[in-house]
2 protein chains.
Amino acid sequence: MNVPTPGSHLTASAGSRNEQTRRHNLSTLLTLVHHHGALSRAELTKLTGLNRSTIGALNTELASAGLVFESAAQESGTVGRPSPMVNPSADIVALAINPDIDAIEVGAVGLGGEVLSRARRATASVPTPSEALEIALELIEDVRSQLASGTTIVGVGVAVPGLVEADSGTVTRAPHLGWEDVAWGEQLSDALGLPVQVGNDAAVAVVAVAVFGAGQGAANLMYLNGSASGIGGGVIAGGTRLVGANGFAGELGHTLVNSEGDACYCGRKGCLETEVNLNRLHAAAEASGIAAADAVAQLAATSSGPFAAEVDREADVLAHGIANLISVFNPEAVVLGGFLGDLYGARQERIRTGVLADAFAPLGDNVRIERAQLGDELLLVGAAELAFGPLLHDPSGWKAKS
Amino acid sequence: MNVPTPGSHLTASAGSRNEQTRRHNLSTLLTLVHHHGALSRAELTKLTGLNRSTIGALNTELASAGLVFESAAQESGTVGRPSPMVNPSADIVALAINPDIDAIEVGAVGLGGEVLSRARRATASVPTPSEALEIALELIEDVRSQLASGTTIVGVGVAVPGLVEADSGTVTRAPHLGWEDVAWGEQLSDALGLPVQVGNDAAVAVVAVAVFGAGQGAANLMYLNGSASGIGGGVIAGGTRLVGANGFAGELGHTLVNSEGDACYCGRKGCLETEVNLNRLHAAAEASGIAAADAVAQLAATSSGPFAAEVDREADVLAHGIANLISVFNPEAVVLGGFLGDLYGARQERIRTGVLADAFAPLGDNVRIERAQLGDELLLVGAAELAFGPLLHDPSGWKAKS
DNA sequence: AGGTTATGTTCGTTTCGACCACAAACGAAG
DNA sequence: CTTCGTTTGTGGTCGAAACGAACATAACCT
């Protein structure tokens, strides 16, 4: 972007000191190898535009901190001296936790984004905050014991299905968990002696999608996830996640799609979440003689009957809702996760043409619609990204404690 | 924001050279005094966090380039040596042009945001691109002749009611003007020998609102403007304008508000723009015996009859639409311009309570709803901001040509 | 062997911060 | 009313941090 678009520099940010340059460059390098995977020094030079000397110095600093390590050059087959690869050190680990209505899941994710180990425990009922905390701590023990010795844990990231106050790590309101104003992050941090970052699950997921998943490389991205608890979402706009004034932006499940629709618990009616809905799918499946538990797996099974009609209807409404949001965000990619991904799998053409027909003229044409990848690792990787955040922002002065 | 929210540093941006630090600091300083008005050197020191020596040096550089000038300290009444004020130099001028369906308007805006002179010519019919170009050039002559000698024109900003390709300055599609794929920016630049930046009128307006208008200080802001040509809008999110993949984000006039509503030219039905509409107001006004031309002025005049009923209906729909968008963007302020501002003036309580009742629980509570200020200067100031962009981004190496 | 691409090291430049001397305001004491 | 101390801030010099340029050298292909 050579020519600045209007409004690209509204806030006069703080002044930049000389040493911040170093921080920024270290951060850039580490973030690059973390998100992109191993890169040669020559590639880093090109990508950053920095001088070879500088890349060398920065690289040495990161390596001596144990954050990256160099390995032999790849067989390139081209002329010229081979350039050694700079790898993210998988010994640098973030823990990821996802407390949900029916289970607690914990994982360990290495720098580079690989899930190194994980553990999950189903709960008989929706866990209370203290139950969840207890189970999480036990699972963390499990997960840590599976890690190779010599790993360093930089912190913990938590993905919670609810509104979260990021600064304090407080769960303001998680309706499906029944939690309200719980300082879960603080409690966890006290118990572990590690820094803990808490985020909304959809916000966490969209980051994972953007960095490691189907949305890789897209600076403008919409993610919609369908689960038993409704439709959550997140937006990446201009390379940054849409946060909003209170961190609550991106409640995409509550955009209007049908003004004659059912009442939503949010107080309105006809929200995307009330019209495109797992319960409705389950009910229609049973009306067609399909067990509710099999509904998602059987989405494409029948072409007639009440179930197929409901699947068609939900596909149409989803397309309508996506088109509506496209005219607001003008994204280059829309990623669908959870049962929305399955719905898209079963009615791909219907949804795709529906979006095209419905979207404001030029906007829909170039949009990529995709199912989420990463599957059940999505939230873990995203939550780990939360925990990696401070390290990625400022790798200077960081030392692996090992 | 000490704790990074998830996704605040997704893109690994380019490396930072040493001299970019200087550029950034000069940019920060100049942008501060341009947006905020005159500031003392001590205040600049506090705001930027830079050292006094550095502020002094930067300031000297900006002053010798003619971009700012120092003046005597303000009478502060406090102890201590007074700190001289750093003022934006109003001799640095940007030209602003707004071609519209019934007139062409041109203004000259000084650094600091003051409109120094302006000229407007009404047209009998919708101007063709070449007619508009001719008139604009004449008006520019007018406007320039009114400027004090010694002013330097840094560039030209154009606000066009239509889709614009920012990089090339091409008007892709301006339905109400009937323009399509017009390289107006290039033509103007060739004729004037000045750099020209072209932007969508709503995008330009939201920048003006955010920087100098009712949205001052809000990092998350929604602007909705109602005109004869429909409803345009723009969004500031996280201190930056929402741009989208192709620069078309923020088509807020085409969000669904009533799925049983009228057909919209965008291909859907029940868009905000088709439901809240100047034509409908005019028709209802005439049914109540009010001349269409007086409708906007008389919005609050009657409390019964078809006109009042229509005003009520549009207010309700607007509130509904705003609430819907609030759940997506979580802004701290919503600014209404054009006839939407008048509508808000006439039905302030109705709209405010409607938004509160309708918005997703905690999001609506803290939103500030306001009418746009700046009036008919809004587009000029915003377009000028476009033209100032390159200078504000990189003041280094810039010299007033006088 | 020659060309190509890359690393490593030294040196110079840019830029900022720290420090010291000094300046300009207020206010209290003589 | 004058004087002196306190407070706040400017101006200039010096040192430190960081990056880029240049040169020598290393590894690979043809």
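Throughout, a chain's letter reflects where its sequence line sits, starting with A, and its residues are numbered from 1.
Distance CG (B/Asn51) to P (C/dA18): 6 Å, rounded to an integer number of Å. One can place CD of A/Gln20 at 11 Å from P of C/dC16, the figure rounded to the nearest angstrom. Here D/dC23 presents its P atom at 14 Å from CZ of A/Arg52, a figure rounded to the nearest Å. Atom-to-atom, CD of A/Glu43 to P of C/dT5 comes out at 15 Å; the value is rounded to the nearest Å. Between A/Asn59 atom CG and C/dG8 atom P there is a gap of 9 Å when expressed in whole angstrom units. Rounded to whole Å, atom C1' of D/dC19 lies 9 Å from atom CG of A/Asn25. If you measure from atom CD of A/Glu70 to atom C1' of C/dG8, you get 12 Å, rounded to the nearest angstrom. Rounded to an integer number of Å, the gap from B/Ile55 CD1 to C/dG17 P is 9 Å.
As judged by a 4.0 angstrom heavy-atom cut-off over every strand, A/Thr78 is placed among residues touching the sugar-phosphate backbone only. Among the atoms of the strands shown, only primed sugar atoms or phosphate atoms (P, OP1, OP2) are found under 4.0 Å from some heavy atom of B/Arg22.
Relative to the side chain of A/Val79, the nucleotides C/dT15, D/dA18, C/dT4 differ in distance, and C/dT4 lies closest.
Side-chain contact, B/Glu70 with B/Asn59: a donor N or O sits under 3.5 Å from an acceptor N or O. Side-chain contact annotation: B/Gln20 with A/His24, donor-acceptor N/O pair under 3.5 Å absent. Counted by atom type alone, A/Ser189 and A/Glu186 present zero donor-acceptor pairs between their side chains at under 3.5 Å.
For A/Ser53 against C/dT9, a side-chain N or O and a base N or O form a donor-acceptor pair under 3.5 Å. Interface remark: the A/Thr21 side chain does not form any donor-acceptor pair with the D/dA17 base, using a distance-only criterion of under 3.5 Å.
The line from NE2 of B/His35 to CZ of B/Phe388 is 9.5 Å long, rounded to the nearest 0.5 Å. In this structure, A/Ile153 CD1 and A/Asp91 CG are separated by 11.5 Å, a value rounded to the nearest 0.5 Å.
Contact annotation: A/Ser83 does not reach the phosphate of C/dA6 (side-chain N/O to OP1 or OP2, under 4.0 Å).
Residue whose closest nucleotide on DNA chain D sits further toward the 5' end, between A/Ala57 and A/Arg81: A/Ala57. In this structure, A/Pro82 and A/Leu58 both approach DNA chain D, and ranking their closest nucleotides by distance from the 5' end singles out A/Leu58.
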